[in-house]
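Just below is one structure, and these are the notes that go with it.
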Amino acid sequence: MLKRNLFLFLLASFFVAPAANADVKLIAIGSLSGNISDRSQKTSAPLENGVQGNLLGGFGSGLAYAGRNTFIAIPDRGPNAKAYNSAVDDTTSYINRFQTITVELEPSRSPLGLPFTLTPYLVDTTLLSSNKPLYYGTGLGLGVPNGSPALNSNNSYYFTGRSDNFDPTQISTNPNNARFDPEGVRVSNDGKSIFISDEYGPYVYQFDRKTGKRIKVFTLNSKFAVSNLNPVGATEISGNTSGRVANKGMEGLAITPNGKTLIGILQSPLIQDGGTNGA
């Protein structure tokens, strides 16, 4: 999870003529501390690295407008800035989620600075899960416990940021893997579901907005996948000659105005297309 204690909103004013030359102006900045707890009390227990499991932390990996004054924000794979176990890239069993945020925009009372003040509010936290069982790492030989979250039940299997939660016999786009590193998010046109892309697979999944349950898998071509999977990203990238570059998967996600087409953006060309793990 990125070290972001402030969540900044940029609101823009667009001039309609001509559209191609629209002017963008910063009119307000609001902040929301990452040091508070989110709305998921069920995940408050400490993670493997000792960090609170529902610490709001950084949630700027993806941001999507959800209508009126509401936004959907996603953290990435969880708080891994604290070093504790390099065998799993310091990742934890943080349960993936999205945050629902509303904002209030009011004219500024100060004659100096920006013309408006913006106040964001965290109103809900939704955990991401699958109705079907997912693959979790055993932790054997890695110095960590089993990667299966304690909240799992017969109809809720949660996605997490643990880097060893994958089936080593399958390619990285296997939809049964529990490891998930959300990076891009968009809301469906009817507002009932959200689409999230990630780095690990890469994956593109559709989730029910109300429950957080996965309702659809967009199967990507195998050319995007890597076959040599490893909990350590540097090791994973060194053993593959094709597929996505480690830590540079599907960072961005867009949706067409009619809501019928998703557009995923890779952070780097595929390995077979010259992509590297350098800067």
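Scope of the values below: all heavy atoms of this structure, side chains included, with no hydrogens, waters or symmetry mates.
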| Distance-minimising heavy-atom pair for G147 and Y136 | O-CD2, 3.3 Å
| T91 and D89: side chain to side chain donor-acceptor pair (under 3.5 Å), yes or no, with the steps? | CA-CA 5 Å; T91 58; D89 269 352; over 6 Å; no
| Note, L220 side chain near P202 side chain (heavy atom, < 4.5 Å) | yes
| field | Heavy-atom pair with the smallest gap, counting every atom of F218 and Q206 | value | CE1-CB, 4.1 Å
| message | Does any part of the side chain of V144, heavy atoms only, come nearer than 4.5 Å to the side chain of N85, both counted from C-beta? | response | yes
| Side-chain heavy-atom pair D181, D198 within 4.5 angstrom cut-off | yes
| query | Any side-chain donor paired with an acceptor under 3.5 Å for S188 and D190? | reply | yes
| message | If we ignore hydrogens and angles and just use 3.5 Å, is the side chain of Q99 paired with the main-chain N or O of I72 as donor and acceptor? | response | no
| query | Just one of L127, I36, D38 clears the side-chain contact (heavy atoms from CB on, under 4.5 Å) bar with N54, so which one? | reply | D38
| query | Would you call N96 and I196 a side-chain contact if the rule is heavy atoms closer than 4.5 Å? | reply | no
| Which heavy-atom pair separates S129 from Y158 by the least distance, and what is that distance? | CB-CD2, 3.7 Å
| field | Expected output: side-chain N165 to main-chain N177 donor-acceptor under 3.5 Å | value | no
| Between R244 and E183, does at least one N-O distance fall below 4.0 Å, as a salt bridge requires? | no
| said: I'd like to know if the side chain of R97 reaches the main chain of I95, judged simply by a donor and an acceptor atom lying under 3.5 Å from each other, with no hydrogens or angles considered. | reply: yes
| query | With a 4.5 Å limit on heavy-atom distance, are the side chains of V187 and Y65 in contact? | reply | no
| field | Side-chain (N155) to main-chain (N131) donor-acceptor, under 3.5 angstrom | value | no
| task | Identify the two heavy atoms, one from G264 and one from M250, that lie closest to each other, and give their separation to 0.1 Å. | result | CA-SD, 3.7 Å
| query | Can you pull the salt bridge (charged side-chain N to carboxylate O under 4.0 Å, His left out) pairs that have at least one residue in residues 133-146, sequence neighbours excluded? | reply | none
| Under 4.5 Å between any side-chain heavy atoms of L151 and S156, yes or no? | no
| task | Please work out whether the ring planes of Y203 and Y205 are parallel, tilted or perpendicular, with thresholds of 30° and 60°. | result | parallel
| query | Is it true that D208 and K210 have a side-chain N and a carboxylate O under 4.0 angstrom from each other? | reply | no
| With a 3.5 Å cut-off and no angle check, do the side chains of Y135 and N174 form a donor-acceptor pair? | no
| So does N221 have more than 12 non-hydrogen atoms from other groups sitting under 6.0 Å from CG? | yes
| task | Would you mind reporting whether F98 and I194 have side-chain heavy atoms less than 4.5 Å apart? | result | yes
| remark: Of all heavy-atom pairs linking S172 and G201, the shortest is OG-O, 2.6 Å
| task | Using atom types as modelled and distance alone, determine if a side-chain donor or acceptor of N49 lies under 3.5 Å from a backbone N or O of A83. | result | no
| query | Do L32 and L56 come within less than 4.5 Å of each other through their side chains, counting heavy atoms only? | reply | yes
| said: Quick check for you: to the nearest 0.5 Å, what is the distance between I171 atom CD1 and S242 atom OG? | reply: 9.5 Å
| message | Quick check: closest heavy atoms across Q52 and S37, and the distance to 0.1 Å? | response | NE2-OG, 2.5 Å
| note | Only one of L229, V245, I271, N230 passes side-chain contact (heavy atoms from CB on, under 4.5 Å) with N240, and that residue is I271
